[in-house]
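Contents: one structure, followed by commentary.
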Protein chains: 2
Amino acid sequence: MFTETEENYLKAIYKIAQKQGESSVNTKAIADEMGTSSASVTDMIKRLSEKKLLQYEKYYGVSLSKDGQKVALNLLRKHRLWEVFLHDSLGFSWDEVHDVAEQLEHVQSDLLVDKLDQFLGFPKFDPHGDPIPNANGSFTFRNQMPLSQVRIKNSKVYILGVRQHDSSFLKYLNDLKIRPGQTFEVIQFIEYDKSIKLLSKEGDQIMLSEKIADAIFVKSNN
Amino acid sequence: MFTETEENYLKAIYKIAQKQGESSVNTKAIADEMGTSSASVTDMIKRLSEKKLLQYEKYYGVSLSKDGQKVALNLLRKHRLWEVFLHDSLGFSWDEVHDVAEQLEHVQSDLLVDKLDQFLGFPKFDPHGDPIPNANGSFTFRNQMPLSQVRIKNSKVYILGVRQHDSSFLKYLNDLKIRPGQTFEVIQFIEYDKSIKLLSKEGDQIMLSEKIADAIFVKSNN
DNA sequence: TATTTTATTTAGATTTGTCTAAAATTTTAA
DNA sequence: TTAAAATTTTAGACAAATCTAAATAAAATA
């Protein structure tokens, strides 16, 4: 249907729009996300615009059309289902799944996606806690807040997911045994630098900077 | 490492060499296998030759180098492991697995292949009965003969695999409940046209032409 | 508002993989 | 052994995706 590169552009545009909370995305942002030049992005944008996958106004960025969103969401669905497979079935750690899923998401077969979804038991979230769109493209939402906002002592926090997905960040958390599904107690909040101290079930104390705590999503009993 | 197309050429050359029982493969055969023109094949051959993946003598065809064979065998290994996954884990029928595996085999991750192999229990044969090379590239061999050569009445035959993999042929066999692992009894052999009549465990009689019988590999008690 | 900085587009070139048509070579058959 | 047929290669062109450098437009700033 579409080339792998076209798909990746659509996904990048979707991601940026999501992150900035606005549908209009500029050329530079796409170039940065794709690791390519602005000139290349302009070329590709024109092609995707001709194929009605996005609206493009010269010098004023692009926004995905209904069709473009559909492609991006389907890609996201496949990516996250494969991550669940790699993590739950094959035993990959959560910092290893992304790069491989990046390749697997481009395999074209609706039957495969359906059967994989079924095999995995129709999971609603991936190993990073991100929601998996269903076949119609709709997510399950849930209440979550950055750990950095939990500032009340003795709060119990349940790890739901993370804001960033780069391997080094995930490895850091993994070493601290912080991963989705784990529970901690907030035992200290330092006003001065907004850092936070957690207590694990095993009795370990973990100190997190505001920056780290802000990238962790939790459910809290407060 | 190599492009998907380069990998596919190497696989095609390996397959042809295997089938004809001779390592030297000519341009036309590759063009037919790849569904492309001879001119394109010549172009690609030159590139692969420069990369030391095959020996090429103008007008006299090519043969894979050690490195080229390694790539082809690894591809075959990945293809067949994915076929086992699609069939055994996801419930694909054996005529549905090939096209999807054709895409999956190009995913680059040694860790993935190892983990998949382990997850599947280190299978030695794929759903068509073809041997799966191990990580070193060596197969498990087994005694097998074309069903067409079993000409003695009351022979028990155990289906091991097939010579061809096109979807329509596999569907035909599937409808007759002929698939690897099944057992039949030879109840008639017609000298005139070399056709053969089988009896299934369920009591069904199945008539097969010589052409069909020749494409089915069996273990026989004779 | 004028100038500088940043972002975007255009123009022209490159690589990969493909094609068709024509030329060259090898094989087959008379 | 020579002519015809088949195969292989070369030449030239094209589409996709990329690049750099130059030109243009928009945004930021003084």
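Any value given below was found using the heavy atoms of this structure, including those in side chains, with hydrogens, waters and symmetry copies removed. Note that the structure is predicted; figures quoted are calculated from it, not measured. Each chain gets a letter, A, B and so on, in the order its sequence line appears, and its residues count up from 1.
In this model, the phosphate group of C/dT18 is approached by a side-chain N or O of B/Tyr9 to a distance below 4.0 Å at OP1 or OP2. Of the side-chain N and O atoms in A/Tyr60, none sit less than 4.0 angstrom from OP1 or OP2 of C/dT9. Considering only side-chain N and O atoms, A/Lys46 lies nowhere under 4.0 angstrom from the phosphate OP1 or OP2 of C/dT9. Taking side-chain N and O atoms only, A/Ser40 has no distance below 4.0 Å to OP1 or OP2 of D/dT18. Considering only side-chain N and O atoms, B/Tyr56 lies under 4.0 angstrom from the phosphate OP1 or OP2 of D/dT9.
Distance from the side chain of B/Tyr59 is smallest for D/dT8 among the nucleotides C/dT18, D/dA21, D/dT8. With distances taken from any side-chain atom of A/Asp43 to the nucleotides C/dT10, C/dT20, D/dT18, the minimum falls on D/dT18.
Residues of residues 22-38 of chain B having a heavy atom closer than 4.0 Å to DNA chain D, listed by number: B/Asn26, B/Thr27, B/Lys28, B/Ser38.
Rounded to a whole Å, the CD atom of B/Glu4 is 15 Å from the C1' atom of D/dA16. B/Met44 has its CE atom 11 Å from the P atom of C/dC19, to the nearest Å.
In this pair, A/Phe85 and B/Trp82 present their aromatic rings tilted. The plane angle is within the 30 to 60° band. In this structure, B/His128 and B/His165 have perpendicular ring planes: the angle between them is above 60°, well past the 30° mark.
Between the side chain of B/Asn136 and the main chain of B/Ser138, no donor-acceptor pair closer than 3.5 Å is present.
The neighbour count for A/Lys51 NZ, taken as heavy atoms of other residues, nucleotides or ligands under 6.0 Å away, is above 12.
With the nearest nucleotide of DNA chain D identified for both B/Ala39 and A/Glu6, B/Ala39 has the one nearer the 5' end.
Residues passing the salt bridge (charged side-chain N to carboxylate O under 4.0 Å, His left out) test with B/Lys15, sequence neighbours excluded: B/Glu33.
The side-chain heavy atoms of A/His98 and A/Ser167, taken from C-beta on, include no pair separated by under 4.5 Å.
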